[in-house]
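Nothing here was measured: the structure is a model prediction, and the numbers come from that model.
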Amino acid sequence: MTSAWSRRTFLATSAALTAAGGGALTLAAPGAASAASAEADPYAALRTIWSTLILGEGFSPTAEPFKSRLADLGVKASRWLETMAPAEGSLWPDAVFADPDPDTDAESYVLSGRMADSFIRLNTMAQAYRQQGTGLTGNAGLRDAVLTGLEHLNIQVYNDGQVRYGNWYSWQIGAPQALLDVCVLMYDAIAPERRARYCAAVDHFVPDSAVASYTGTSTGANRVDLCRVLALRGVVGGSTAKIALARDALSPVFPLVTKGDGLYADGSFIQHTTVPYTGSYGSVMLGGLGLLFALLKGSVWEVTDPERQVVFDAVENAWAPFLFNGLVMDSVAGRAISRGEVDDHRRGHPILASVVLLGRGASAAENARWRALVKGWAQRDYYSPPLSNPSLGLTALARLKSVLDDTSVTPVPEPDGHRLFPDMARATHRRPGWAASLSMADRRITYYEVGNGENLRGWHTGSGMLYWWGDAFANGQYSDAFWPTVDPYRLPGTTASRKVLADGAGGDWGTSLPDVNWVGGVTDRKRAAVGQYLKGLSSTLMAKKSWFFLDDTVVCLGAGIHSRDGAAVETTVDNRNLGPTGNAPFTVDGSLEPLAFPWSATLTDASWAHLAGHGGYVFPGGATVKALREDRTGRWRDINTAGSTDPVSRKYLTLWIDHGKDPSDATYAYQLLPGASEQRTAARAADGGWLRVLANTDDQQGVAVDSLGLTAVNFWFGGCVGPLVADAPCSVMVTEHADGTATLCVSDPMRMRTSLTLTWNRAVASVVSKPATVTSATAGASLRLVFGDLSGTRGATQTIKVRLS
């Protein structure tokens with residue numbers, strides 16, 4: 001590599017480039033274009049709109065939090081300005097992008113990423129130049145440096161003669177998005193000939209054929225990102241065909257899908273074919289669509305496809321169920337959980353801002369509802385307030401502040417109820433005071449995703465991981481360095497073999513799928529019965545796991561636990577992150593256990609346990625449970641090759657049931673009571689009649705709670721459990737109501753039943769309503785329901801209402 005340019009040579013060359021480019025850029029406030037100029041030049045109007053969208057509007061640069069954020073932007077831009085040193089193969093010494101052996105190996109991925117990052121740095125500098133209050137607003141040296149950088153990258157690497165290497169994303173999305181943003185922000189300072197070359201480079205790497213078919217890397221969030229590139233390429237290059245192509249290429253994103261990437265009718269969102277990704281790629285898609293809808297609104301290229309209503313509906317159907325107090329649940333964040341700089345709260349806040357932006361293109365009623373939802377989420381985020389989020393851009397910050405300051409908006413409280421997402425093997429449960437989320441895996445949904453060196457130890461996140469948060473407590477449970485410090489073999493709720501797994505075991509990009517079909521359950525939108533036939537990753541482990549989500553508890557049953565790995569098998573009741581200090585009192589059957597670290601004990605015949613500030617655990621009939629207080633240290637680099645090497649430590653209280661080495665037909669049963677006091681936990685344990693475990697075997701798992709009028713059974717095989725008889729695998733939940741009616745919820749989680757007969761041995765006077773899947777319903781001394789073909793219901797709940805005798 002040649003030596004870096006001297007500062008004097010750099011400034012002289014910058015001046016020459018600026019002169020060739022047409023002189024200085026005249027600053028204007030975003031949106032300052034006149035109506036006449038907009039009418040005369042529709043591309044200029046779009047550039048004005050895009051500048052507003054990426055720079056923000058409606059905030060004072062002298063008011064906090066914007067004043068500090070703008071100053072930080074200036075500091076960052078100043079750092080890039082001072083360290084820029086154009087050289088062969090790099091623009092900055094720490095961002096060498098030249099690849100001596102260009103291919104798609106790990107080294108090339110890093111180098112292509114540096115190329116894209118170089119454009120992103122220039123984008124930061126351009127924003128500091130255009131924004132007020134950065135200390136570099138209108139700075140000629142900064143302007144010249146940006147122009148120099150663009151030209152250097154075009155000559156060196158991002159041009160129409162370059163063959164791409166490394167990560168496709170860097171060439172088709174990362175680099176061109178940043179490049180085109182800079183071209184918009186610095187449009188008048190860039191000579192037309194240069195703009196043409198930059199556009200030619202984008203055309204080379206992102207040709208029209210990139211969106212010719214809805215496959216591969218051109219689906220879901222990636223498709224929206226590609227459309228953003230095409231649209232801005234049209235704006236910068238004055239091409240109506242490119243903008244129209246971008247608009248039209250969005251259409252395949254809108255319709256609900258039944259396989260692969262996209263939004264599903266049940267609210268699922270999948271990316272990379274097998275990965276639930278509402279909170280990561282889904283966030284990108286939502287934000288990208290909001291930007292493009294806003295950019296093109298009112299223009300001749302406005303997005304008018306009526307199918308876009310699917311996206312609007314998904315705000316409440318797909319995204320809202322996974323947002324809680326401002327965070328987006330890690331159960332739908334894929335490999336993003338391993339990125340130390342952005343936790344569940346910091347991932348949630350951009351979604352809130354995107355919902356606000358999307359609302360501008362929705363109906364008035366939708367916009368009002370969404371603003372009320374966003375205000376509630378933002379106000380309740382006591383752990384990580386959105387306006388203090390350092391990773392939140394100025395535009396998103398301004399949108400959220402506008403909602404928080406809007407006195408006409410009344411915040412909506414967290415909803416109450418259950419949502420089951422059979423198409424992505426996920427569930428969420430919300431009750432007053434707490435919320436929970438469940439992650440599973442099946443033949444369609446991967447155990448976990450590893451890729452680009454990220455999420456190296458997420459092996460068991462799909463093995464029945466049960467997350468939970470309180471309304472005003474434990475909102476940092478998975479935010480506070482949880483992922484690099486938690487024992488990855490003891491994730492809460494999971495049953496796992498202690499067999500040692502290699503980093504990235506199972507293969508990249510979610511290719512490893514368990515050979516099981518029975519994953520899912522039923523819900524009446526208030527309570528639920530959910531089950532998972534578990535086969536371990538790279539393991540002989542098999543188990544049947546059931547969760548019954550009720551009013552103040554989650555009843556957890558496990559049976560048929562079998563393994564021949566030559567290793568112990570454990571079910572982790574919970575693994576609570578107690579933060580750096582970890583002094584939460586822990587009580588077992590009324591006795592306070594030591595606060596010392598480390599501490600461990602085998603709790604024999606334990607009836608209940610309570611962790612102060614978190615909740616309670618009840619073990620029906622008593623159980624032998626192991627407990628451990630420990631201080632765990634890890635590094636983000638351990639789970640993400642791009643992560644920090646700095647050690648971080650957190651204290652944990654772990655409860656697990658040890659099934660022993662190579663167990664055969666082991667079982668477990670416990671109740672989780674989030675937020676319960678010690679007294680309430682003890683009272684629940686003492687009330688032996690509150691919960692009846694009707695079955696907990698390899699064939700069926702079921703419970704009854706008479707005070708709720710509830711009976712729920714997961715039939716792994718047909719059989720008789722309590723008053724319910726099924727002739728084939730299914731999930732059933734029956735609730736008797738005080739008004740003399742009852743609701744039966746039935747599903748085929750395996751998605752392969754062509755017939756099913758269910759009998760409820762309870763006197764029924766009449767059937768009030770039933771779905772078309774019920775071909776025969778006979779009331780009387782018992783209720784006999786005959787279902788036809790359920791294989792096309794996709795595991796969805798079939799609801800029957802009856803009047804009792």
In a check of side chain to side chain contact (heavy atoms under 4.5 Å, CB included) between [X] and each of [options], which one passes?
X	options	value
V802	L785, L744, V734	L744
S463	T571, L537, T494	T494
F548	V693, V703, V530	V703

Does the [X] side chain pair with the main chain of [Y], one donor and one acceptor, at a distance under 3.5 Å?
X	Y	value
T743	K801	no
R426	S331	yes
D748	R753	yes
D344	V328	no
H460	G536	no
W319	T278	yes
Q477	W468	no
S776	V786	no
D442	V519	no
Q671	T553	no

*Among R431, R430, R525, R527, which residue meets the salt bridge (Lys or Arg N to Asp or Glu O under 4.0 Å) test with D416?*
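Answer to the salt bridge (Lys or Arg N to Asp or Glu O under 4.0 Å) test with D416 among R431, R430, R525, R527: R431.
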*Could you walk me through whether D343 and Y478 pass the side-chain contact (heavy atoms from CB on, under 4.5 Å) test, one step at a time?*
CA-CA 8 Å; D343 58 31; Y478 312 102; over 6 Å; no
Distance only, no hydrogens: is a donor on one side chain within 3.5 Å (strictly under) of an acceptor on the other, for [X] and [Y]?
X	Y	value
K535	Y447	no
D574	Y617	yes
N696	T667	no
E316	W370	yes
T797	S747	no
S546	N714	yes

_Flag side-chain contact, heavy atom, 4.5 Å: L534 against V516_ =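 A side-chain contact is absent here, since even the closest heavy-atom pair is not under 4.5 Å.
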*W760 versus V732: any side-chain heavy-atom pair under 4.5 Å?*
no
*Decide salt bridge (charged side-chain N to carboxylate O under 4.0 Å, His left out) for D330 and R347; before the verdict, give the C-alpha distance in whole Å, the side-chain angles of both, and the deciding distance to 0.1 Å.*
CA-CA 9 Å; D330 279 348; R347 278 192 300 276; 2.3 Å; yes
Electrostatic pair [X]-[Y], nearest N-O below 4.0 angstrom:
X	Y	answer
R751	D423	yes
R498	D487	yes
K626	E570	no
D266	R419	no

*Is NZ or CZ of K544 both nearer than 6.0 Å to the six-membered ring centre of Y533 and within 45° of the ring axis?*
yes
*Think R684 forms a cation-pi with W608, using NZ or CZ under 6.0 Å from the six-ring centre and within 45 degrees of its axis?*
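Not flagged: R684 not positioned over aromatic ring of W608.
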*Should the ring pair W509 and H272 be called parallel, tilted or perpendicular, given that the plane angle runs from 0 to 90° and is split at 30 and 60?*
perpendicular
*Identify the residue among W547, F421, W434 that makes a ring-ring contact (aromatic ring centres under 6.0 Å, His included) with H429.*
W434
*Would the number of heavy atoms belonging to other residues, nucleotides or ligands and lying under 6.0 Å from CZ of R784 be above 12?*
no
_Atom CZ of residue position R803 - does it have more than 12 heavy atoms of other residues, nucleotides or ligands inside 6.0 Å?_
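Atom CZ in R803 is not crowded, with 12 or fewer foreign heavy atoms closer than 6.0 Å.
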*Kindly indicate, with the supporting measurements, whether the criterion side-chain hydrogen bond (donor to acceptor under 3.5 Å, both in side chains) is fulfilled by Y277 and R335.*
CA-CA 9 Å; Y277 251 134; R335 68 184 196 279; 3.2 Å; yes
